[in-house]
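Below is one structure, written out as structure tokens, with a few remarks after it.
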Amino acid sequence: MAKFSRSDLIEFDVAHPDDYNSVLEFVLNHYYRDEPMNSSYIYDRNPAEDDVEFSVSFMFQGMAIKAVDRSKGNHLIGISIANPIYPGYVDDLLEAAERAKTRKWKDSLKLLAHLQQSVNILDRFKVAKCYDIEILAVDPEYRGHSIGATLFERQFERGRHLGFPLASADCSSYYSARIAERVGMTCVGKLAYADYRDEHGVQLFQPCAPHLEIQTFAKKL
């Protein structure tokens, strides 16, 4: 584990377009490698190119927060990326699934659409849009220092700044769900991986314990 004793050595800021390459490399190394949906997809354990492109693209809309270690020349050690949920979002997910370049991204989009339909977060909270925190990743050597929790909190601030009344997160990992609870988010929906199957009855995502379910969390901003 990285050793540092002063919190001011870690700096949090909005990621900018010139951070794209470093953010892309970071999520490939420290998010997709550990993320249960990605690593447990039965047909392909590698990140889908169109999934990565979609997720990282939202940093160009100012919806990504980075954590850097200033003692190491602003070395990137954490990232969180959000995207907007809006009326018609489920339909757009399903349409994107039909255009997906990879089978993995198509199946992932269908699962995300199923989650959105189940939770129906805009109607539930009577809001017109929601700031959905999609990616949370911290360099393993820096875990255990509340960097993930701080990234969540900075995303809440960013969501408020961008005019969103609500934040949400579909936590596919047991550990990210625990962080969401720590920062005051409320669980509003759950889906066990074993209960989600395709039209042929196949369980597409089969992660190991403790990652048994996807939990959707929300917090008013």
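Keep in mind the model is a prediction, meaning the values are calculated, not measured.
Around the CD atom of Glu49, the shell of radius 6.0 Å holds no more than 12 heavy atoms that belong to other residues, nucleotides or ligands. Within 6.0 Å of the NZ atom in Lys101, the count of heavy atoms belonging to other residues, nucleotides or ligands exceeds 12. Other residues, nucleotides and ligands contribute only 12 or fewer heavy atoms inside 6.0 Å of the CD atom of Glu25.
Tyr175 is not connected to Val138 by any chain of hydrophobic side-chain contacts under 4.5 Å among Ile, Leu, Val, Met, Phe, Trp and Tyr, and they are in different clusters. By the criterion of side-chain heavy atoms lying less than 4.5 angstrom apart, applied directly or through intervening Ile, Leu, Val, Met, Phe, Trp or Tyr residues, Leu212 is not grouped with Leu111; the two fall into different hydrophobic clusters. Leu191 and Leu94 fall into different hydrophobic clusters, where Ile, Leu, Val, Met, Phe, Trp and Tyr residues are linked whenever their side-chain heavy atoms come under 4.5 Å apart, directly or through other members. Val90 and Leu112 are not part of a single hydrophobic cluster, where members link through side-chain heavy atoms under 4.5 Å apart. If you chain together hydrophobic residues whose side chains sit under 4.5 Å apart, Phe54 and Leu109 fall into the same group.
Closest non-hydrogen pair, Leu151 versus Ile65, comes out as CD2-O, 3.6 Å. Scanning both residues, Val52 and Pro47, for their nearest heavy atoms gives CG2-CB, 3.9 Å. Listed here is the closest heavy atom pair of His211 and Pro36: CG-CG, 3.6 Å. Nearest heavy-atom pair across Ile147 and Ala67 is CG2-CB, 4.1 Å. The two residues Ser39 and Arg45 come nearest to each other via the heavy atoms O-CD, 2.7 Å.
Residues meeting the ring pair (Phe, Tyr, Trp, His ring centres under 6.0 Å) test with Tyr174, sequence neighbours left out: none. Under the rule for a side chain to side chain contact (heavy atoms under 4.5 Å, CB included), the partners of Ala177 that lie at least two apart in sequence or sit in another chain are Cys171, Gln215, Phe217. Qualifying ring pair (Phe, Tyr, Trp, His ring centres under 6.0 Å) partners for Tyr193, counting only residues two or more places apart in sequence or in other chains: none. Applying the ring pair (Phe, Tyr, Trp, His ring centres under 6.0 Å) rule to Tyr196 yields the partners His114; only residues at least two apart in sequence or on another chain are considered. With sequence neighbours excluded, the residues that form a side-chain hydrogen bond (donor to acceptor under 3.5 Å, both in side chains) with Arg182 are Ser146. For Phe156, there are no ring pair (Phe, Tyr, Trp, His ring centres under 6.0 Å) partners, not counting sequence neighbours. Residues satisfying the side-chain hydrogen bond (donor to acceptor under 3.5 Å, both in side chains) test with Asp13, not counting sequence neighbours, are none. Tyr31 pairs by the side-chain hydrogen bond (donor to acceptor under 3.5 Å, both in side chains) definition with nothing, not counting sequence neighbours. Under the side-chain hydrogen bond (donor to acceptor under 3.5 Å, both in side chains) criterion, Asp18 pairs with no residue, sequence neighbours left out. Evaluation of the side chain to side chain contact (heavy atoms under 4.5 Å, CB included) rule for Asp198 yields His200, Val202, Leu204 as partners, not counting sequence neighbours.
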Checking side-chain contact (heavy atoms from CB on, under 4.5 Å) for the pair Ser55/Tyr32: CA distance, chi angles, key distance, verdict? CA-CA 11 Å; Ser55 299; Tyr32 286 97; 3.3 Å; yes
Decide side-chain contact (heavy atoms from CB on, under 4.5 Å) for Arg70 and His75; before the verdict, give the C-alpha distance in whole Å, the side-chain angles of both, and the deciding distance to 0.1 Å. CA-CA 7 Å; Arg70 295 197 301 119; His75 173 61; over 6 Å; no
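Between Ile10 and Asp69, the closest side-chain pair of non-hydrogen atoms falls below 4.5 Å. Residues Lys66 and Leu76 meet the side-chain proximity criterion, which asks for heavy atoms closer than 4.5 Å. Gln116 places a side-chain heavy atom less than 4.5 Å from the side chain of Ile121. Put simply, the side chain of His16 does not reach to within 4.5 Å of the side chain of Met59, judged on heavy atoms. Ser118 has its side chain out of reach of Leu115: every pair of non-hydrogen atoms, C-beta onward, lies at least 4.5 Å apart. With a 4.5 Å cut-off on side-chain heavy atoms, Phe152 and Met185 count as touching.
Side chain to side chain, Tyr43 and Asp107 fail the donor-acceptor criterion of an N or O pair below 3.5 Å. With no hydrogens or angles considered, a side-chain donor-acceptor pair links Ser172 and Glu35 at under 3.5 Å.
Taking a cutoff of 4.0 Å between a charged side-chain nitrogen and a carboxylate oxygen, Asp34 and Arg143 qualify as a salt bridge.
From Ile133, atom CD1 reaches atom CZ of Arg154 across 13.5 Å, with rounding to the nearest 0.5 Å. The line from OG1 of Thr102 to CG of Asp50 is 3.5 Å long, rounded to the nearest 0.5 Å. Atom OH in Tyr41 sits 11.5 Å away from atom CG in Asp51 (nearest 0.5 Å). Expressed to the nearest 0.5 Å, how far CG of Asn120 lies from CZ of Phe125 amounts to 11.0 Å. The CG atom of Asp139 sits 6.5 Å away from the OH atom of Tyr142 when rounded to the nearest 0.5 Å. With rounding to the nearest 0.5 Å, the separation of CD in Glu11 from CG in Leu9 is 10.5 Å.
Using modelled atom types, one side-chain atom of Lys104 and one backbone atom of Asn46 make a donor-acceptor pair closer than 3.5 Å.
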N/O donor-acceptor pairs under 3.5 Å from side chains in residues 77-87, not counting sequence neighbours:
{"from": "Ser80", "atom 1": "OG", "to": "Ile135", "atom 2": "O", "distance (Å)": "3.0"}
{"from": "Ser80", "atom 1": "OG", "to": "Gln155", "atom 2": "NE2", "distance (Å)": "3.2"}
{"from": "Asn83", "atom 1": "ND2", "to": "Tyr89", "atom 2": "OH", "distance (Å)": "3.2"}
{"from": "Tyr86", "atom 1": "OH", "to": "Asp92", "atom 2": "OD2", "distance (Å)": "2.8"}

Would you tabulate the side-chain donor-acceptor contacts of residues 158-169 under 3.5 Å, counting partners in other chains and residues two or more places apart, or write 'none'?
{"from": "Arg158", "atom 1": "NE", "to": "Gly62", "atom 2": "O", "distance (Å)": "2.8"}
{"from": "Arg158", "atom 1": "NH2", "to": "Gly62", "atom 2": "O", "distance (Å)": "3.4"}
{"from": "Ser168", "atom 1": "OG", "to": "Asp132", "atom 2": "OD1", "distance (Å)": "2.7"}

